[in-house]
Amino acid sequence: MTELSPPAAMAEAPSTASRWRKARRKAWRDRFLYLLVLPGLAYFIVYRIAPMLGMVIAFQDYSPFLGFTGSEWVGFKHFATLFDSAEVVRVLWNTLYLSFLQILFSFPAPILLALLLNEVRHQAFKRLIQSIVYLPHFLSWVIVVGISMIFLRTHGFINGFLHTAFGMEKPIDFLIDPVFFRPLLILQVIWKEIGWGTIIFLAALAGIGPELYEAAIVDGAGRWRRMWHITLPGLRTTIVILLILRLGQVLDSGFEQIFLMLNSFNSSIGNVLDIYVYTKGIMQSDYSFATAVGLFKGVVGLILVLGANRLAKRFGEEGVY
Amino acid sequence: MNGSAWQDRLFRWGNAIFLVILAAGMLFPFLYIFSVSFTTFDEFLKSDFLLWPKKWVPDAYLFIFHSRSFLRSLWMTVYLTVAGTAVNLIFTSTMAFGLSRNIYGGRAITFMVLFTMLFSAGMIPTYLMVKMTGLLDSIWALILPAAIAPFNLIVIRQFFQNIPGELYEASVMDGANDLTIFRKIILPLSKPALAAFSLFYAVGHWNTYFAGILYLNDPKMWPIQVILRQIVVLSDPKNALGAVEQVLLDVQPPPETIQMAAILVATLPILIVYPFLQKHFAKGVLIGSIKG
């Protein structure tokens with residue numbers, strides 16, 4: 001390479017060449033490190049990056065027989081269909097409404113529990129409660145939904161209890177009546193994640209200096225004033241960061257859970273974006289349209305995280321990046 | 001002063017009672033399912049509200065453990081969990097070590113990893129990729145596409161970076177190359193951290209169900225959660241469990257107790273590893289929350 005350099009660059013050539021040589025020597029010295037990175041890198045390229053490039057089929061009428069190169073290019077046709085369809089509007093509404101409810105109820109639940117756990121003085125009692133409430137996080141959605149079905153079905157525990165204790169004649173159709181669908185989803189998420197969610201808040205609470213509380217007590221501040229003026233400001237950064245990350249998932253509505261809870265009675269309100277992609281793409285093999293929906297979802301998610309992050313920074317918070 | 005001390009006590013007791021009720025709400029379902037899973041057929045039919053059976057029989061358990069498809073799916077899941085966790089551990093630790101050192105291109109690769117946490121190709125392109133790499137209808141479809149969890153990779157990389165540099169330099173002086181250093185120094189030092197992440201990965205594999213539905217058409221390959229879904233959620237234990245030889249039982253147990261027995265069997269491994277998980281996870285989650 002240096003041999004081919006034009007004479008004008010000759011003055012600089014030695015230093016460039018020596019830098020180049022040095023770099024090559026370092027790369028050679030690190031050859032085993034590259035070897036170690038290789039399997040993981042291959043994984044990311046094949047199963048994470050290549051599928052992103054594969055999203056071009058959103059602009060094609062993809063057919064598995066013709067492949068990526070042979071399928072016909074159709075431009076924004078699928079996106080036009082997407083924004084035109086009343087069904088998609090309905091699906092988007094279902095998704096956003098559910099996410100809104102989750103952020104309203106499931107998001108603050110661990111914060112409240114962390115505040116309550118933080119007030120417990122008896123350490124052994126606190127640890128016992130913690131080990132119990134963390135457990136459901138590790139159970140699969142099949143088990144969580146299975147348990148709710150055993151409790152809520154027509155002859156399940158709850159209806160049996162209502163019948164025996166209050167003589168209720170007609171069982172309540174918790175699993176069939178669509179009225180219960182969204183509250184059930186939220187309760188399941190709270191049951192599964194409320195304990196696990198406290199860990200990060202408890203850590204933030206442990207970071208608040210005890211001298212702040214002591215000073216506040218001396219000044220005569222009661223429990224609520226201390227919580228309002230010391231505890232909550234101490235949690236603010238953590239709450240903002242987690243809220244940013246949660247906003248990025250506003251179009252993800254817990255696919256694995258909803259897929260299990262879905263039946264023919266609640267399918268009109270349970271049809272969220274991910275379920276729609278699954279039905280269109282996998283069940284009906286409409287790969288291109290389903291990918292267009294997925295691409296739309298991914299881009300919106302990305303914009304939301306980056307936007308929320310910038311907004312948080314403008315308001316003087318740390319942000320995630 | 002007296003009034004506020006009284007209020008304080010009231011709050012403490014109220015808080016403690018609330019926490020006990022909450023914890024009971026998480027344990028009670030298992031106690032209930034456990035006790036009812038041992039009910040006899042007659043008692044189950046007669047009572048419409050059952051908490052504690054008079055007579056305990058293990059029929060439901062005998063039934064599911066005589067079902068070939070149940071045993072097969074258990075075996076499949078054990079295989080998936082062991083092989084999958086091994087793949088996770090190898091891929092994640094090697095890449096994390098390489099990226100923890102200062103190599104050319106390392107920053108770009110780390111950026112790519114972070115980007116995959118913010119944006120993913122979604123279900124369909126990933127499905128097509130799994131199909132194109134020939135994994136459809138193979139248990140490896142549940143292993144290779146999930147070989148590395150980006151979050152775990154970043155956390156382990158951070159962990160490796162915090163190992164003192166002197167250790168590394170001393171070994172270089174002794175003429176050790178990076179592979180030797182990784183094997184002889186880094187891995188032994190990180191055993192507790194890697195053990196924690198293997199448990200997390202293993203629990204993830206044990207709980208896999210949707211990937212099974214998506215990638216495996218053959219019911220013979222279905223992991224336990226897919227079978228469990230069929231037994232409990234779709235309420236179809238007969239089909240899920242197939243024909244069971246009736247040598248041991250006079251009467252087939254009611255589907256409800258079969259469902260409960262199946263739930264408990266699938267939960268048991270999680271309960272067994274839970275104490276070990278608990279020892280590690282608070283630490284793991286916290287390392288991850290430190291900004292990289």
Side-chain angles (χ1 to χ4, degrees), chain A residues 23 27 30 32-34 36-37 39-41 43-44 46-52 54-55 116 119-120 129 131-136 138-140 142-143 145-147 149-151 155 157 160-161 163-164 191 199-200 203 223 248 256 259-260 277-278 281-282 287 290-291 294 297-298 302 305, chain B residues 11 15 18-19 22-23 26-27 29 32-33 48-49 91 94-95 97-99 101 103-104 109 112-113 116 118-129 133 144-145 147-148 177-179 182 203 207 209-210 214 225 228-229 232-233 259-260 263 266-267 270 274 277-278 282 285-286 289:
Chain A
D30 290 342
F32 292 118
L33 292 175
Y34 288 107
L36 286 171
V37 169
L41 183 62
Y43 160 72
F44 273 98
V46 174
Y47 288 112
R48 301 264 181 172
I49 302 294
M52 286 185 202
M55 290 178 112
L116 293 181
E119 295 290 333
V120 176
I129 298 289
S131 9
I132 295 170
V133 295
Y134 292 161
L135 176 66
F138 296 98
L139 302 176
S140 73
V142 179
I143 288 177
V145 171
I147 290 174
M149 289 189 167
I150 283 177
F151 272 74
H155 301 292
F157 175 84
F161 176 77
H163 177 74
T164 316
W191 188 81
I199 293 180
I200 200 161
R223 190 182 294 280
E256 294 217 335
F259 185 75
L260 292 165
V277 169
Y278 175 75
I282 305 292
Y287 296 125
T291 305
K297 189 193 136 193
L302 190 63
V305 184
Chain B
F11 173 83
N15 190 19
F18 174 80
L19 291 175
L22 186 81
M26 313 220 156
L27 285 186
Y32 170 74
I33 289 173
D48 48 20
F49 184 63
F91 277 61
T94 51
M95 190 179 190
F97 177 64
L99 292 181
R101 312 294 315 173
I103 56 170
Y104 287 124
I109 297 173
M112 175 197 77
V113 171
T116 63
L118 291 182
F119 184 83
S120 95
M123 190 190 296
I124 307 302
T126 311
Y127 173 83
L128 292 175
M129 197 65 207
T133 45
L144 290 180
I148 299 179
N177 67 35
D178 287 311
L179 286 180
F182 178 61
V203 169
N207 287 342
Y209 91 89
F210 183 70
L214 190 58
Q225 305 288 343
L228 194 64
R229 165 179 179 259
V232 185
V233 178
Q259 293 176 335
M260 296 183 187
I263 284 190
T267 311
I270 304 284
Y274 182 63
L277 270 171
Q278 213 196 355
V285 168
L286 295 183
S289 68

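Residue numbers start from 1 in every chain, and the chains themselves are labelled A, B, ... in the order their sequence lines are given, proteins ahead of strands.
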Item checked: side chain to side chain contact (heavy atoms under 4.5 Å, CB included) evaluation trace for B/R101 with A/D30 -> CA-CA 9 Å; B/R101 312 294 315 173; A/D30 290 342; over 6 Å; no
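- Ranked by non-hydrogen atom pairs under 4.5 Å with chain B, the options A/G146, A/G281, A/A290 are led by A/G146.
- With a 4.5 angstrom heavy-atom cutoff, B/I270 touches chain A only via side-chain atoms.
- Put simply, of B/I148, B/V232, B/V203, the one with the most heavy-atom pairs under 4.5 Å next to chain A is B/I148.
- Between the side chain of B/Y274 and the main chain of A/S131, a donor-acceptor pair closer than 3.5 Å is present.
- Contact count versus chain A (heavy atoms, under 4.5 Å) is highest, among B/Y127, B/F11, B/F182, for B/F11.
- Highest contact tally toward chain B, considering only A/V37, A/V133, A/L33, is held by A/L33 [criterion: heavy-atom pairs under 4.5 Å].
- Of the residues considered (A/F157, A/Y287, A/Y278), A/F157 shows the highest number of contacts with chain B, using heavy-atom pairs under 4.5 Å.
- Scanning for side chain to side chain donor-acceptor pair (under 3.5 Å) contacts around A/Y47 gives B/T133, with sequence neighbours left out.
- Among the candidates B/L214, B/T126, B/T116, the residue making the largest number of heavy-atom pairs closer than 4.5 Å to chain A is B/T116.
- Atoms CD1 and CD1, from A/I143 and B/I263 in turn, are 7.0 Å apart once rounded to the nearest 0.5 Å.
- Both the backbone and the side chain of B/F119 come within contact range of chain A, each with at least one heavy atom under 4.5 Å from a heavy atom of that chain.
- For a residue to count as touching a neighbouring chain, one of its non-hydrogen atoms must lie under 4.5 Å from one of that chain's; by this rule B/L228 touches chain A with backbone and side chain alike.
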Next item on the list: Would you check, one step at a time, whether the test ring-ring contact (aromatic ring centres under 6.0 Å, His included) holds for B/Y32 with A/F151?
Entry: CA-CA 10 Å; B/Y32 170 74; A/F151 272 74; 5.0 Å; yes
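- Both the backbone and the side chain of B/L144 come within less than 4.5 Å of a heavy atom of chain A.
- Rounded to the nearest 0.5 Å, atoms CD1 (A/I129) and CZ (B/F18) are 10.5 Å apart.
- For the options A/E119, A/R223, A/M52, A/M149, heavy-atom pairs under 4.5 Å to chain B are most numerous at A/R223.
- Both the backbone and the side chain of B/V233 come within contact range of chain A, with heavy atoms under 4.5 Å apart.
- Both the backbone and the side chain of B/I103 come within contact range of chain A, each with at least one heavy atom under 4.5 Å from a heavy atom of that chain.
- Across B/P125 and A/P51, no two heavy atoms sit closer than the pair CB-O, 3.3 Å.
- The shortest non-hydrogen separation linking A/M55 to B/A121 is CE-O, 3.1 Å.
- The most heavy-atom pairs under 4.5 Å with chain B, out of A/L41, A/V145, A/I150, A/L135, come from A/L135.
- The backbone N or O of A/F138 sits less than 3.5 Å from a side-chain atom of B/N207, completing a donor-acceptor pair.
- Chain A forms more heavy-atom pairs under 4.5 Å with one residue of B/P29, B/A266, B/G122 than with any other, namely B/P29.
- One distance of note links CD1 of A/I282 with CD1 of B/I124; it measures 4.0 Å at 0.5 Å rounding.
- Not counting sequence neighbours, the partners of A/Y43 by the side chain to side chain donor-acceptor pair (under 3.5 Å) test are A/R48.
- Your options are A/P39, A/G54, A/A27, and the one with the most heavy-atom pairs under 4.5 Å with chain B is A/P39.
- The backbone N or O of A/E256 sits less than 3.5 Å from a side-chain atom of B/Y209, completing a donor-acceptor pair.
- Note: B/L128 leads B/I109, B/I33, B/L99, B/L128 in heavy-atom pairs under 4.5 Å with chain A.
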Next item on the list: Could you give me the CA-CA distance, side-chain angles and deciding distance for A/I132 and B/L27, then say whether side chain to side chain contact (heavy atoms under 4.5 Å, CB included) is met?
Entry: CA-CA 7 Å; A/I132 295 170; B/L27 285 186; 3.7 Å; yes
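- Residue B/M260 holds its CE atom at 10.5 Å from CD1 of A/I147, rounded to the nearest 0.5 Å.
- In this structure, the portions of B/M26 lying under 4.5 Å from any heavy atom of chain A include both its backbone and its side chain.
- For B/T267, the parts lying near chain A are the backbone and the side chain together; criterion is any non-hydrogen pair under 4.5 Å.
- With a threshold of 4.5 angstrom between heavy atoms, B/L179 approaches chain A through its backbone and through its side chain.
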